[in-house]
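Data first, discussion second: the structure below is written as structure tokens.
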2 protein chains.
Amino acid sequence: MTVQPTRDRRAERREATRAEILQAAWELAREQGLGGLSLRDIAAKIGMRPPSLYWYFDSKHAIYDAMFADGNRQLLERLDAVKLPRDPRAALKRYLGAFMGFALEEPARAELLFQRHIPGFTPSPESYALAEAALAGAVKVIGEAGVTDQGDIDCLVAMTAGLMDAQMSNDPGGNRWTRHLNRLVDLLVDDAITGSTHG
Amino acid sequence: MTVQPTRDRRAERREATRAEILQAAWELAREQGLGGLSLRDIAAKIGMRPPSLYWYFDSKHAIYDAMFADGNRQLLERLDAVKLPRDPRAALKRYLGAFMGFALEEPARAELLFQRHIPGFTPSPESYALAEAALAGAVKVIGEAGVTDQGDIDCLVAMTAGLMDAQMSNDPGGNRWTRHLNRLVDLLVDDAITGSTHG
DNA sequence: GTCTATATCCAGATAGAC
DNA sequence: GTCTATCTGGATATAGAC
């Protein structure tokens, strides 16, 4: 019998090139917006011709999907690394603050992950599962702060997203909206807790 | 001298055709999304060839701009027609509720007016002035409810937009998020008023 | 006013040589 | 693996006849 190598150098190289393509895609998205991404430009950026990309990805949507998964993995990693204070309320503020910081530091990434306006693109189930994992993490921290009612959770999430959107659209780089996060968290959590003990 | 007619029938007809073009554009935007709008389809819808549209509008962006102005005029009209209760707090709820209802009833219109997703499109100053007039109306009603601090206004606006976005994205046609509007308005306004008397 | 015809440019994707 | 060459189809916009 033939001896099997323990590493598949070819697969490794392929993975490396895939990563290179994705990195080029992110850079272009940053420079000219997510919608303006073209296979031409991606290929040019890494010294390839457009058709060569098809050896690594089945379609343009497949690239978007890989970016979507990639971005969500970055989000999960970031949120996992957050040092949460022992006080649950403070932990929630820290967690949502980290989330907002993550979104604001790269608008193109936030656009792909949190808004959905790429024409025909829908994330694959595997990629979408990553996004749901991130949301589940938030729900856990919210729950530990005493907010378990679905309506209250919805309010917290919508409020956070509202501040984030306003910040990104109207004052990128500033803090005109984000600075209200902690105050609004207190307001909503207090109200949720009061409501739950009375209702 | 020649006798001048009091009406310019040619101009009237031209305006009518412009309106017809816009109506077709709205219908297509409703059917296939705002981004998918093409001059081909607009022309086809009213029995014209694409080049003929250029007699009525200078470019595709000019059509978007006219739609933007049109949508904002509809918004102003709607908000003006709202019967406001005498109680300022109730009036604010009614006003913001009307705003959300307006946005939710036509997602394509809301996309054009309240999110900014069309590649190279920026509203003309004249059209943008209409949008600012609508916001000014909201600020007035908010102020009458006792909220005058810019930060508090920002929170109210961002919160409303957050609920609206979540509703449109995740539960179009439902009320999972919108149903919390009145409660959150109370929460924010109470806090704003309390804060202003103490600070 | 509306048309035909066309210019120009771009996109994503495939076939097949090397 | 990467290429050249090409397919297919879309877009906005312009020129000029009628």
Side-chain angles (χ1 to χ4, degrees), chain A residues 5 7-25 28-29 31-68 108 112 117-124, chain B residues 5 7-25 28-29 31-68 108 112 117-124:
Chain A
R7 282 171 52 199
D8 186 340
R9 304 185 72 91
R10 195 161 298 172
E12 284 173 12
R13 188 171 176 83
R14 187 184 157 94
E15 260 322 296
T17 304
R18 275 178 63 103
E20 199 184 345
I21 291 169
L22 287 184
Q23 193 188 344
L28 286 167
E31 293 165 12
Q32 61 191 37
L34 199 64
L37 255 189
S38 75
L39 299 184
R40 287 172 126 71
D41 294 345
I42 297 175
K45 189 140 210 160
I46 57 172
M48 272 187 179
R49 305 291 166 185
S52 305
L53 298 175
Y54 284 85
W55 198 84
Y56 298 96
F57 292 96
D58 287 342
S59 67
K60 190 186 185 184
H61 276 4
I63 294 182
Y64 278 133
D65 195 57
M67 292 172 78
F68 184 85
L112 178 60
H117 42 59
I118 286 143
F121 169 65
T122 316
S124 63
Chain B
R7 281 170 53 200
D8 186 340
R9 304 186 73 88
R10 193 162 300 174
E12 283 172 13
R13 187 167 177 86
R14 186 183 158 95
E15 261 322 296
T17 303
R18 274 178 64 102
E20 199 184 345
I21 291 169
L22 288 183
Q23 193 188 343
L28 285 166
E31 291 165 13
Q32 61 191 35
L34 201 64
L37 211 54
S38 75
L39 300 183
R40 284 171 129 69
D41 294 346
I42 297 174
K45 189 140 208 156
I46 58 171
M48 273 188 179
R49 306 293 166 185
S52 305
L53 298 176
Y54 284 85
W55 199 82
Y56 299 95
F57 291 97
D58 286 343
S59 67
K60 190 186 185 184
H61 276 4
I63 294 181
Y64 277 132
D65 195 57
M67 293 172 78
F68 184 85
L112 178 61
H117 291 160
I118 285 139
F121 169 66
T122 314
S124 64

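Sequence lines set the chain letters: A, B, ... in the order given, protein chains first and strands last, and positions in each chain run from 1. Heavy atoms only: backbone and side chains are in, while hydrogens, waters and symmetry mates are out. For clarity, every value in this text was computed on a predicted model and none was experimentally measured.
- B/Thr17 comes within 4.0 angstrom of nothing in the nucleic acid, heavy atoms only.
- Side-chain proximity of A/Arg14 to the nucleotides D/dC3, D/dG1, C/dT2 is greatest for D/dG1.
- Of the listed nucleotides (C/dG1, C/dG12, D/dC3), C/dG1 has the atom at the smallest distance from the side chain of B/Trp55.
- Counting only distance, with no hydrogens or angles, the side chain of B/Arg14 and the backbone of B/Trp55 share a donor-acceptor pair below 3.5 Å.
- In this structure, A/Tyr64 and A/Phe121 have tilted ring planes: the angle between them lies in the 30° to 60° band.
- Counting heavy atoms from C-beta outward, A/Met48 and A/Thr17 have side chains that approach closer than 4.5 Å.
- Between B/Glu15 and B/Arg18 there is a salt bridge, since at least one side-chain N of the basic residue sits less than 4.0 Å from a carboxylate O of the acidic one.
- Summarising the geometry, the separation between NZ on B/Lys60 and P on D/dT14 is reported as 15 Å, rounded to the nearest angstrom.
- Taking for each of A/Pro51 and A/Arg40 the nucleotide of DNA chain C with the nearest heavy atom, the 5'-most of the two is the partner of A/Arg40.
- In this entry the distance linking CD1 of A/Ile46 with P of D/dG1 reads 14 Å, nearest Å.
- Going from atom CG of A/Leu53 over to atom P of C/dA11 covers 13 Å, rounded to whole Å.
- Considering only side-chain atoms of B/Tyr56, the nucleotide from C/dG1, C/dA13, D/dT4 that sits closest is C/dG1.
- For D/dG1, the OP1/OP2 oxygens have no side-chain nitrogen or oxygen of A/Ser52 closer than 4.0 Å.
- Between the NE2 atom of B/His61 and the P atom of D/dA13 there is a distance of 8 Å, given to the nearest Å.
- C/dA13 atom C1' lies 12 Å from atom CG of A/Asp58, rounded to whole Å.
- Nucleic acid contact for B/Gly47: sugar-phosphate only, since backbone atoms but no base atoms lie under 4.0 Å from a heavy atom of the residue.
- Distance, A/Met48 CE to D/dC3 C1': 11 Å, rounded to whole Å.
- Atom-to-atom, CD1 of A/Ile21 to C1' of D/dG1 comes out at 11 Å; the value is rounded to the nearest Å.
- Between B/Arg10 and C/dG1, a side-chain N or O to OP1/OP2 separation shorter than 4.0 Å is present.
- With rounding to whole Å, A/Arg13 atom CZ is found 7 Å from D/dT2 atom P.
- Within 6.0 Å of the CG atom in B/Asp8, the count of heavy atoms belonging to other residues, nucleotides or ligands exceeds 12.
- Neither OP1 nor OP2 of C/dA15 sits under 4.0 Å from any side-chain N or O of A/Tyr54.
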